[in-house]
Participant: 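Provided herewith is a single structure, encoded as structure tokens, for subsequent inquiry.
Bear in mind that the values here come from a model prediction, so they are computed numbers and not experimental data. Position 1 is the first residue of the sequence; numbering continues from there.
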Amino acid sequence: MAQSLSFILVHIIFSTKERRPFIIESVRPKLHAYLAGVVRASGSECYRVGGIDDHVHLAVRLKSTATVSGIIEELKTTSSKWIKPLAPGLETFAWQSGYGAFSVSPRYLKELVTYIDSQEEHHRRVTFQDEFRKFLQEYEVQYEEQYVWG
């Protein structure tokens with residue numbers, strides 16, 4: 001085969017360090033747009049970015065040569081530098097060291113985008129920790145509780 005063709009859709013989730021509520025409403029749309037731009041600049045496609053004050057969700061189609069860890073490293077490194085001067089109190093902004101990345105069938109892209117768009121409403125009922133545990137259980141990811149939140 002002369003061409004490398006792929007459709008790798010990933011639901012990426014990561015939080016602020018210690019889940020501190022850094023992502024204030026006035027900064028949130030700018031951060032989401034910035035994160036989408038980082039993904040697109042890398043050659044991948046970003047269908048949606050959303051979240052609340054302590055974490056983000058991204059729906060990303062990876063280009064054929066991209067790695068999940070590489071794109072997340074780029075997202076976290078560049079955005080943590082970019083966000084600090086935007087508002088008072090963000091000087092100490094940092095992302096948690098870990099992340100979640102879950103494969104999604106392309107047929108569920110619309111549902112994933114809807115889920116990401118409804119984060120504010122969703123988190124009126126469910127904590128980030130419970131949400132993340134649900135994903136780990138759904139995808140049968142083995143984990144030790146004490147290492148997930150550090």
Participant: A side-chain contact here means heavy atoms from C-beta on lying under 4.5 Å apart; do Phe102 and Ile13 qualify?
Facilitator: yes
Participant: Is it the case that one hydrophobic cluster holds both Val56 and Ile116, taking links as side-chain heavy atoms less than 4.5 Å apart, direct or via other members?
Facilitator: no
Participant: With the side chain counted from C-beta on, respond yes when Ile71 and Val10 share a heavy-atom pair under 4.5 Å apart, and no when they do not.
Facilitator: no
Participant: Check for a donor-acceptor pair, side chain of Ser80 on one end and backbone N or O of Thr77 on the other, with a separation under 3.5 Å.
Facilitator: yes
Participant: Checking Glu138 side chain against Leu136 main chain: does a donor-acceptor pair fall under 3.5 Å?
Facilitator: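 Not confirmed, Glu138 side chain does not pair with Leu136 backbone.
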Participant: With a sphere of 6.0 Å drawn around CZ of Arg125, does it hold more than 12 non-hydrogen atoms of other residues, nucleotides or ligands?
Facilitator: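 More than 12 within 6.0 Å, yes.
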Participant: Could you state the interatomic distance from CZ (Arg133) to OH (Tyr143), rounded to the nearest 0.5 Å?
Facilitator: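 Result: 6.0 Å between the selected atoms.
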Participant: Within a strict 4.5 Å, meaning less than it, do heavy atoms of the Trp95 and Ser79 side chains meet?
Facilitator: yes
Participant: Is there a path from Tyr34 to Tyr99 through hydrophobic residues (I, L, V, M, F, W, Y) whose side chains come within less than 4.5 Å of each other?
Facilitator: yes
Participant: State which residues pass salt bridge (charged side-chain N to carboxylate O under 4.0 Å, His left out) with Glu120; sequence neighbours excluded, sorted by chain then number.
Facilitator: Arg28
Participant: So, the side chain of Lys76 versus the backbone of Ser97: is there a donor-acceptor pair under 3.5 Å, distance only?
Facilitator: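 Flag set: sc Lys76 to bb Ser97 pair under 3.5 Å.
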Participant: Donor-acceptor pair, distance only, cut-off 3.5 Å: does the side chain of Ser118 make one with the backbone of Glu121?
Facilitator: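 Side chain of Ser118 to backbone of Glu121, a donor-acceptor pair under 3.5 Å: no, none is there.
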Participant: To the closest 0.5 Å, what do you measure between OH (Tyr139) and OG (Ser103)?
Facilitator: 5.5 Å
Participant: Report yes if the side chains of Phe128 and Ile52 come closer than 4.5 Å at any heavy-atom pair, otherwise no.
Facilitator: no
Participant: Nearest 0.5 Å, please: how far is CG in Leu58 from CZ in Phe14?
Facilitator: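 Answer for the CZ-CG pair, Phe14 versus Leu58, is 5.5 Å.
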Participant: From the options Arg48, His11, His122, select the one residue that forms a side-chain hydrogen bond (donor to acceptor under 3.5 Å, both in side chains) with His57.
Facilitator: His11
Participant: In Å and rounded to the nearest 0.5 Å, what is the CD1 to CG distance from Ile72 to Leu35?
Facilitator: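 Rounded to the nearest 0.5 Å, the CD1-CG separation comes out at 11.5 Å.
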Participant: Decide yes or no for Val126 and Phe132: does some side-chain heavy atom of the first lie under 4.5 Å from some side-chain heavy atom of the second?
Facilitator: no
Participant: Give a yes or no on whether Glu73 atom CD has more than 12 heavy-atom contacts from other residues, nucleotides or ligands under 6.0 Å away.
Facilitator: no
Participant: Would Ile12 and Val148 show up in the same hydrophobic cluster when neighbours are defined by side-chain heavy atoms closer than 4.5 Å?
Facilitator: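 No, Ile12 and Val148 fall in different hydrophobic clusters.
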Participant: Quick check on Glu25: does its CD atom have over 12 non-hydrogen neighbours (other residues, nucleotides or ligands) under 6.0 Å away?
Facilitator: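 Open: at most 12 neighbouring heavy atoms sit under 6.0 Å from CD of Glu25.
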Participant: Write out all pairs satisfying salt bridge (Lys or Arg N to Asp or Glu O under 4.0 Å) with one or both partners inside residues 52-61, taking only residues at least two apart or from two chains.
Facilitator: none
Participant: Would Glu131 and Gln119 satisfy side chain to side chain contact (heavy atoms under 4.5 Å, CB included), going step by step from the backbone distance to the final call?
Facilitator: CA-CA 11 Å; Glu131 173 188 52; Gln119 282 295 291; 3.4 Å; yes
Participant: Would you say Lys134 has more than 12 foreign heavy atoms packed within less than 6.0 Å of its NZ?
Facilitator: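 Yes - once you tally the heavy atoms of other residues, nucleotides and ligands closer than 6.0 Å, there are more than 12.
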Participant: How long is the gap from OG on Ser6 to CG on Leu62, to the nearest 0.5 Å?
Facilitator: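 Ser6 atom OG to Leu62 atom CG measures 8.0 Å (nearest 0.5 Å).
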Participant: Treating Ile, Leu, Val, Met, Phe, Trp and Tyr as nodes and any side-chain heavy-atom pair under 4.5 angstrom as an edge, say whether Ile24 and Trp82 lie in one connected cluster.
Facilitator: yes
Participant: Heavy-atom distance under 4.5 Å between the side chains of Phe135 and Val141, does that happen here?
Facilitator: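 No; the side chains remain at least 4.5 Å from each other.
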Participant: Would you give the length of the straight line joining atom CD1 of Ile83 to atom CG of Leu31, rounded to the nearest 0.5 angstrom?
Facilitator: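 Going from the CD1 atom of Ile83 to the CG atom of Leu31 covers 4.5 Å.
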Participant: Is there a path of hydrophobic side-chain contacts, each under 4.5 Å between heavy atoms of I, L, V, M, F, W or Y residues, that connects Val68 with Val104?
Facilitator: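 As far as the 4.5 Å side-chain criterion goes, Val104 and Val68 are not connected within one cluster.
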Participant: Output yes when a side-chain donor or acceptor of Ser64 lies under 3.5 Å from a complementary backbone atom of Leu5, and no otherwise.
Facilitator: no
Participant: Looking at residues at least two apart in the chain, or sitting in another chain, which of them share a side chain to side chain donor-acceptor pair (under 3.5 Å) with Arg40?
Facilitator: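 Listed in chain order: Glu45.
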Participant: Could you walk me through whether Val113 and Leu109 satisfy the side chain to side chain contact (heavy atoms under 4.5 Å, CB included) test, starting with their C-alpha distance in whole Å, then the side-chain angles of each, then the deciding distance to 0.1 Å, before giving a yes or no?
Facilitator: CA-CA 6 Å; Val113 167; Leu109 175 58; 4.0 Å; yes
Participant: More than 12 foreign heavy atoms under 6.0 Å from NZ of Lys17: is that the case here?
Facilitator: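 Check fails, neighbour count at 12 or below.
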Participant: Can you find a pair of side-chain heavy atoms, one from Tyr47 and one from Leu112, that are under 4.5 Å apart?
Facilitator: no
Participant: Looking at Gly70, is its backbone amide N or carbonyl O close enough to the side chain of Thr67 to form a donor-acceptor pair, meaning the two atoms are under 3.5 Å apart?
Facilitator: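 Pair found, side chain donor or acceptor close to backbone of Gly70.
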Participant: Indicate whether the side chain of Gln96 and that of His55 have a donor and an acceptor atom separated by less than 3.5 Å.
Facilitator: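 Checked: Gln96/His55 side chains show no N/O donor-acceptor pair below 3.5 Å.
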Participant: Identify the heavy atoms of Phe22 and Ala94 that sit nearest to each other, and give their distance.
Facilitator: CE1-N, 4.1 Å
